[in-house]
Amino acid sequence: MDKLIIIDGNSIANRAFYALPLLSNSSGLHTNAVYGFTTMLLKLIEEEKPTHFLVAFDAGKITFRHKEYTEYKGGRAKTPTELSEQFPLIKELLTAFKITQFELSGYEADDIIGTLTKVADEKGKKVLLVSGDKDMLQLASDHVTVAITRKGITEVELYNPQEIKDKYGLTPAQIIDLKGLMGDTSDNIPGIPGVGEKTALKMLHEFGSVEEVLANTASLKGKMKEKVEEHAKDAIMSKELATIFREVPMETEWNSYRYDGFDGQALSGMFRKLEFKSLLEKMDFGPGAVAEDQVVESLEAVAVTETNVGDLVGKLSDSAAIHVEAVGENPHQAAPVGVVWFVDDGAENKSYYVPISLLKSEAGEPLRTWLSDASKKKQLFDLHRARLVLAWQGITLAGVDFDALLASYLLDPTESNLSLSGLTYKYGLPGVKTDEEVFGKGAKFRLPELTALSDHLGRKGMAVARIVPVLREELEKSGMQSLFYELEQPLAGVLAEMELQGILVDAEGLKALGVELVKQLDTIMASIYKLAGVEFNINSPKQLGEILFEKLGLPAWKKTKTGYSTDAEVLERLAPYNEIVGQILHYRQLAKLQSTYVEGLLKEVRPETGKVHTYYRQTIAATGRLSSQFPNLQNIPIRLEEGRKIRKVFVPSEPGWYILAADYSQIELRVLAHISQDEKLKEAFLQNMDVHTKTAMDVFGVEESAVDSNLRRQAKAVNFGIVYGISGYGLSQNLDISRKDAEQFIEQYFAVFQGVRKYMDDIVKDARRDGFVTTMLQRRRYLPEITASNFNLRSFAERTAMNTPIQGTAADIIKLAMVQMAERLKQDGLKSRMLLQVHDELVFEVPEHELETMRRLVPEVMASALPLDVPLSADVDYGLTWYDAK
DNA sequence: AGACTCACG
DNA sequence: ACGTACGTGAGTCTG
């Protein structure tokens, strides 16, 4: 039995576009509508098994309906470019699916569909019509079922004449009368003002059609009678507009719409281009499809044993791609699996997997020597991690000439899938299975048997060898060679050294702090329960919300997705109403200290050494900053005294040594002054003034003596806002003032700092033109959403365009300082060690006799890391703990 | 797994 | 009119 599926192309594309988040592939191409369309097609093909298929599109803007009514579809918002750019992709997709598509100038998709369903009715063929538009219900018949999308896209509601009768009490033909009476705002069809669905249905149940309603206005009453009579013409016209034209001159030969399956090769190619990874994985494209599309390279994966280790040793040369595998997120604790060497000797691809036990045994000695020989050039993926994993096994890794991870990060620091599997895929290279595919995840994680393991790891080694030349070239094209070779790659080594050194924690002191906190928490908890009159989980925002806003009846003014907001901003406003609120704030503060900074930190202390070894991640932050994990040592409390005490437990690892810390003063505003070349801002720094005071004087037009702490605070917030990519709303929130006042501040700021204004304008323009912004050292960040039609997305991209060059350049500078500092320590034979970086601060441990040297050297290196048109300056201090080095 | 909250620059 | 400040990581609760 034949079955024809007809899709209302524009309608479904629209539905998909608005139902799904704005997905895009790595080159910034938006794909959500295509994706939605694809899933719908796949579902229909699988569930309905059509023998015939057609997708109809609207063509051009003017149809015969406009001749009758020039305002037809007037006032409709322009299709966003994010959607319109997807139509060619959808058409390409349909070609790959081998589904007939049709559009005809002067007609809408509706009319094409109406014509073909008429043919189906005449021939008695079954049709499933899919649309998001209820107008289509007029086409329902014994042969034609109409599927209207519900929420989302793959869920539909089916209508045949009986169901339309049940739901509306109308025949399909009367759907047109319904629209004639009530109109349709989306198509700008007027109908009769004041008549909505309810009234229209009532009238139709009584009179049957628009014409009959108009002929019987006598039986209507009052205002309604007037309106109907007055707009009789509109109703007739609206009915005509809503009537689908069923005589489009088009192919009506049934079998020209035959559907006999997709072109697997074309479709898999399409999915790859669009990066529909989940679909690629789960779909069967038929024999040959993937093989044609994806490069496959043969590989002889050797699992090395004591017997054949000589083969590998014989092949070691001055350069090789290697891969170091270890299990576990934290490289300081990961369980090493082994090391792979990939050898491409022209004739064949061979990989050698050396299990860690073999590598550490006597037989592994020549391999270890090769790894630690700086003259042997290694290419690998994730130098930093590899170096740490091997270091904890007592094996040194030196002579790295290319880290594919670091390079891929620089090429696109927002890439979310920085894995060998994802990257080979992205660059169209021979594939690597994902670790999850091979190892499983969660409780099911386990290493496969030796052959599969050595093949998987061998392919990683091969992938490194293949991707390195591609990445080298890309780096060159983007002008990021020196950033890569002279800064980021050397920094990876510096970071590994810092982390391996670790920082000593006074665990006993920390425990004592914890005991004190628990005591206080107990007291506050009891007090909170008493004030609430009931015991509950204070840590649960849900329970807390119920207590505050329902039981105690405090005013709730801010909501989250799931209920009442109980964050600090809300609680601070509620504090005057009830004593309990202040107690809860205090509880939260201490509970945070206890769980994150006492218990959390203690869990990370290595019992053997008493130290914590954080893991700085170099490929996470989109701006080029570092991030810190296991534990995060970049967010140790400082703002409030109670929390700041945590810093007392970070101490030197050798007796008689000191902790020395140096932080840049206003580095971001200095960078802004340099990049923008704003005269006023430069002047502030050249004269070594307090920049917030200076801003207050200029923005508020007062003398220095008139700048009190409040004015300075406001000016400081303005400066922060400027760095973040200013918006009136954001500043108003921060300062708790009206948006109007905030906008006034910004206006005044820009009137004074005109160079800054010009920078902000220019950088947004540059980002629109280039699609990316850069830091002083040519670090890039792509901003595809800078051209979005969605206000929020676009605004976010604009603020990012303003902020990233500033935050990113500051990151460049401190990274330079770190590399230079590490070099100086070595060169000058100093014993002092660099331990931590906190974005604008470096922390060292220093023997007493080097204190004076370091107090001079560290700020000097930091200040001169990258010469700007304003001076950079770093403040330095030292003490027996991190707390005291303030 | 995601939401919420909060610590830092 | 739209509704957010920029960049992170960790602990806890909840469905």
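Scope of the values below: all heavy atoms of this structure, side chains included, with no hydrogens, waters or symmetry mates. Lettering of chains follows the sequences in order, A, B, ..., and the numbering in each one begins at 1.
A donor-acceptor contact closer than 3.5 angstrom links the side chains of A:Asp690 and A:Thr693. Using modelled atom types, one finds no donor on one side chain facing an acceptor on the other under 3.5 Å when comparing A:Ser627 with A:Gln634. A donor atom on one side chain and an acceptor atom on the other are found under 3.5 Å apart for A:Gln807 and A:Thr623. The closest side-chain donor-acceptor pair between A:Asp884 and A:Thr881 falls under 3.5 angstrom.
Distances shorter than 4.0 Å separate some side-chain N or O of A:Thr560 from OP1 or OP2 on B:dC4. At least one side-chain nitrogen or oxygen of A:Thr562 sits closer than 4.0 Å to the OP1 or OP2 atom of B:dC4. Between A:Thr566 and B:dT5 there is a side-chain N or O to OP1 or OP2 distance below 4.0 Å. Checking the phosphate oxygens (OP1, OP2) of B:dC8, a side-chain nitrogen or oxygen of A:Arg639 falls inside 4.0 Å. Taking 4.0 angstrom as the limit, A:Gln543 places a side-chain polar atom (N or O) nearer than this to OP1 or OP2 of C:dT14. Note on A:Asn537: a side-chain N or O is less than 4.0 Å away from OP1 or OP2 of C:dC13. For C:dT14, the OP1/OP2 oxygens have a side-chain nitrogen or oxygen of A:Ser540 closer than 4.0 Å. For C:dA5, the OP1/OP2 oxygens have no side-chain nitrogen or oxygen of A:Ser727 closer than 4.0 Å. An OP1 or OP2 oxygen of C:dG9 is reached within less than 4.0 angstrom by no side-chain nitrogen or oxygen of A:Arg617. An OP1 or OP2 oxygen of C:dC6 is reached within less than 4.0 angstrom by a side-chain nitrogen or oxygen of A:Arg799.
Here the side chain of A:Leu731 is nearest to one of C:dA5, B:dA7, C:dC13, namely C:dA5. Among C:dG9, C:dG11, C:dG7, the nucleotide with an atom closest to any side-chain atom of A:His839 is C:dG7. Among the nucleotides C:dT8, C:dA5, B:dC8, the one closest to the side chain of A:Asn734 is C:dA5. Of the listed nucleotides (C:dT14, C:dT8, C:dC6), C:dT14 has the atom at the smallest distance from the side chain of A:Lys542. Checking B:dA7, C:dG3, C:dG9 against the side-chain heavy atoms of A:Gln589 singles out B:dA7 as nearest. Comparing C:dC6, B:dA3, C:dG9 by their closest approach to the side chain of A:Gln807 singles out C:dC6. For A:Tyr724, counting side-chain heavy atoms from C-beta on, the closest listed nucleotide (C:dC6, C:dG7, C:dG11) is C:dC6.
Residue A:Ile620 is in sugar-phosphate contact alone, with no base atom involved, counting any heavy-atom pair closer than 4.0 Å across all strands shown. Nucleic acid contact class of A:Ile638 (heavy atoms, under 4.0 Å, all strands): sugar-phosphate only. As judged by a 4.0 angstrom heavy-atom cut-off over every strand, A:Ala801 is placed among residues making no nucleic acid contact. Residue contacts shown for A:Glu841 are absent, as no nucleic acid heavy atom lies under 4.0 Å away. Using a 4.0 Å heavy-atom criterion, one finds that A:Lys561 contacts the sugar-phosphate atoms exclusively. Residue-level contact check: A:Val723 touches neither bases nor backbone, having no heavy atom under 4.0 Å from any strand. Contact annotation for A:Thr804: no contact, since no heavy-atom pair falls under 4.0 Å across all strands. Residue contacts shown for A:Asn635 include a base, since a base heavy atom lies under 4.0 Å away. Nucleic acid contact for A:Gly721: base, since at least one base atom lies under 4.0 Å from a heavy atom of the residue. Note on A:Ala591: nothing from the nucleic acid sits closer than 4.0 angstrom, heavy atoms only. At a threshold of 4.0 angstrom between heavy atoms, the contacts of A:Ala810 with the nucleic acid are absent.
A distance of about 32 Å separates the C1' atoms of B:dC6 and C:dA1, rounded to the whole Å. Distance noted for atom P between C:dA5 and B:dT5: 13 Å (whole Å).
With salt bridges taken as basic N to acidic carboxylate O contacts below 4.0 Å, one links A:Glu668 and A:Arg625. A salt bridge between A:Arg757 and A:Glu747 is present, with a side-chain N of the basic residue lying under 4.0 Å from a carboxylate O of the acidic one. In this structure, A:Glu599 does not pair ionically with A:Lys603, as no charged nitrogen and carboxylate oxygen lie closer than 4.0 Å.
The partner of C:dA1 is absent, by the rule that a Watson-Crick or G-U pair needs both atom distances under 3.5 Å. Under the Watson-Crick or G-U wobble criterion, with both distances below 3.5 Å, B:dA3 is paired with C:dT12.
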Working for ring pair (Phe, Tyr, Trp, His ring centres under 6.0 Å), residues A:Phe650 and A:Tyr883
CA-CA 8 Å; A:Phe650 291 91; A:Tyr883 177 94; over 10 Å; no
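Distance, A:Gln837 CD to C:dT8 C1': 12 Å, rounded to whole Å. Rounding to whole angstrom units, OH of residue A:Tyr597 and C1' of B:dC8 are separated by 7 Å. For A:Glu743 and C:dA5, the CD to C1' distance is 14 Å, given to the nearest whole Å. What separates CG of A:Leu593 from C1' of C:dT12 is a distance of 15 Å, to the nearest Å. The CD atom of A:Glu668 sits 13 Å away from the P atom of C:dT8 (whole-angstrom rounding). The separation between A:Ile646 atom CD1 and B:dC8 atom P is 11 Å, rounded to whole Å. Rounded to an integer number of Å, the gap from OH of A:Tyr615 to P of C:dG9 is 11 Å. A:Asn792 places its CG atom 11 Å from the P atom of C:dA5, with the value rounded to the nearest Å.
For C:dT4, the base has no donor-acceptor partner in the side chain of A:Ser795 [N/O atoms by modelled type, under 3.5 angstrom]. In this model, no side-chain donor or acceptor of A:Arg588 finds a partner on the base of B:dT5 within 3.5 Å. No donor-acceptor contact under 3.5 Å links the side chain of A:Gln634 to the base of B:dC8. For C:dG7, the base has no donor-acceptor partner in the side chain of A:Arg781 [N/O atoms by modelled type, under 3.5 angstrom].
Here A:His384 and A:Tyr616 keep their ring centres 6.0 angstrom or further from each other.
We find that the ring of A:Phe796 and the base of C:dT4 do not stack by the test of centres under 5.5 angstrom and planes tilted less than 30°.
Projected onto DNA chain C by closest heavy-atom contact, A:Lys592 and A:Glu599 fall at different nucleotides, the more 5' of which corresponds to A:Lys592.
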